[in-house]
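A quick write-up on the structure given underneath.
This is a predicted model, so every value here is computed, not measured. Values below: all heavy atoms of this structure, side chains included; hydrogens, waters and symmetry mates excluded. Along the sequence shown, residues carry numbers from 1.
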Amino acid sequence: MSFKTFKEKLKGFISRIPDDKKKHLAAGFAICAIVSLFCGYAIGFMVAAIAAAGKEAHDYITNKGTPEFADFVYTIVGALVFIAFSVVLSLLVQAFIMLAYL
């Protein structure tokens, strides 16, 4: 698969995600990123999961929103995407540093 084909498939996949779910994905990413800076990935992930569950519980209790399991899952996926992105980026930086010393 060429890079152009991959890019177009990814763009099509992202465009099919509803805006509400994109916001949950971004929130999970951001929460995990901020907390992970100070407390590590595990705590960042747990805080994102607790925030996701709390948001859905708040929607259910107050009837001000629509509680959906999919919203919870998208928030969790956002946190996992941050962790994967951060780990891969860290490994790439380490590889470049090692190559610089060769």
Side-chain angles (χ1 to χ4, degrees):
M1 177 185 322
S2 70
F3 180 73
K4 185 177 180 181
T5 306
F6 175 75
K7 181 179 160 185
E8 291 189 13
K9 286 186 178 215
L10 183 63
K11 193 174 185 181
F13 173 74
I14 291 172
S15 69
R16 288 190 301 271
I17 299 173
D19 287 338
D20 174 53
K21 304 302 184 247
K22 288 178 187 174
K23 290 177 184 176
H24 282 276
L25 195 75
F29 188 97
I31 291 167
C32 190
I34 292 167
V35 175
S36 292
L37 282 173
F38 303 104
C39 303
Y41 295 135
I43 302 296
F45 178 78
M46 286 190 285
V47 170
I50 291 168
K55 165 69 169 77
E56 298 311 310
H58 177 268
D59 287 350
Y60 179 76
I61 292 167
T62 62
N63 291 324
K64 290 186 178 180
T66 306
E68 294 181 33
F69 182 70
D71 290 347
F72 174 78
V73 170
Y74 271 87
T75 307
I76 296 297
V77 168
L80 292 173
V81 166
F82 166 75
I83 292 169
F85 174 76
S86 180
V87 167
V88 168
L89 186 62
S90 176
L91 291 172
L92 286 173
V93 168
Q94 289 175 14
F96 284 123
I97 290 171
M98 288 174 58
L99 286 173
Y101 286 107
L102 291 179

Please give me the minimum heavy-atom distance between [X] and [Y], naming the atom from each residue.
{"X": "T66", "Y": "D71", "answer": "O-OD2, 3.9 Å"}
{"X": "I31", "Y": "A51", "answer": "CD1-CB, 3.9 Å"}
{"X": "P67", "Y": "E56", "answer": "CA-OE1, 3.2 Å"}
{"X": "Y101", "Y": "I97", "answer": "CD1-O, 3.1 Å"}

inquiry  = Could you check whether atom NZ of K22 has more than 12 heavy atoms from other residues, nucleotides or ligands sitting under 6.0 Å from it?
reply    = yes
Within one Ile-Leu-Val-Met-Phe-Trp-Tyr cluster: [X] and [Y], side-chain cutoff 4.5 Å:
{"X": "V87", "Y": "L89", "result": "yes"}
{"X": "V81", "Y": "Y41", "result": "yes"}
{"X": "F85", "Y": "I83", "result": "yes"}
{"X": "M46", "Y": "L37", "result": "no"}
{"X": "V73", "Y": "V47", "result": "no"}

From [X] [atom1] over to [Y] [atom2], what is the distance, rounded to the nearest 0.5 angstrom?
{"X": "K21", "Y": "L25", "atom1": "NZ", "atom2": "CG", "value": "11.5 Å"}
{"X": "K4", "Y": "K7", "atom1": "NZ", "atom2": "NZ", "value": "8.5 Å"}
{"X": "F29", "Y": "T75", "atom1": "CZ", "atom2": "OG1", "value": "13.5 Å"}
{"X": "H58", "Y": "T62", "atom1": "NE2", "atom2": "OG1", "value": "4.0 Å"}
{"X": "F45", "Y": "L80", "atom1": "CZ", "atom2": "CG", "value": "4.5 Å"}

request  = With sequence neighbours excluded, tell me which residues meet salt bridge (charged side-chain N to carboxylate O under 4.0 Å, His left out) with D20.
outcome  =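 Salt bridge (charged side-chain N to carboxylate O under 4.0 Å, His left out) check on D20 returns nothing, list empty.
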ask   = Side chain of S86, backbone of F82: donor and acceptor closer than 3.5 Å?
value = no
task = Spell out, as yes or no, whether a donor-acceptor pair under 3.5 Å connects the side chain of S36 to the backbone of C32.
result = yes
Scan the side chains in residues 8-19 for donor-acceptor partners under 3.5 Å anywhere in the protein, sequence neighbours excluded, and list what turns up.
unit_1: S15; atom_1: OG; unit_2: K11; atom_2: O; d: 3.4
unit_1: S15; atom_1: OG; unit_2: G12; atom_2: O; d: 2.8
unit_1: R16; atom_1: NH1; unit_2: G12; atom_2: O; d: 3.3

Lys/Arg-Asp/Glu bridge criterion (N-O < 4.0 Å) met for E68, K55 =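 Not counted as a salt bridge, because no side-chain N and carboxylate O are separated by less than 4.0 Å.
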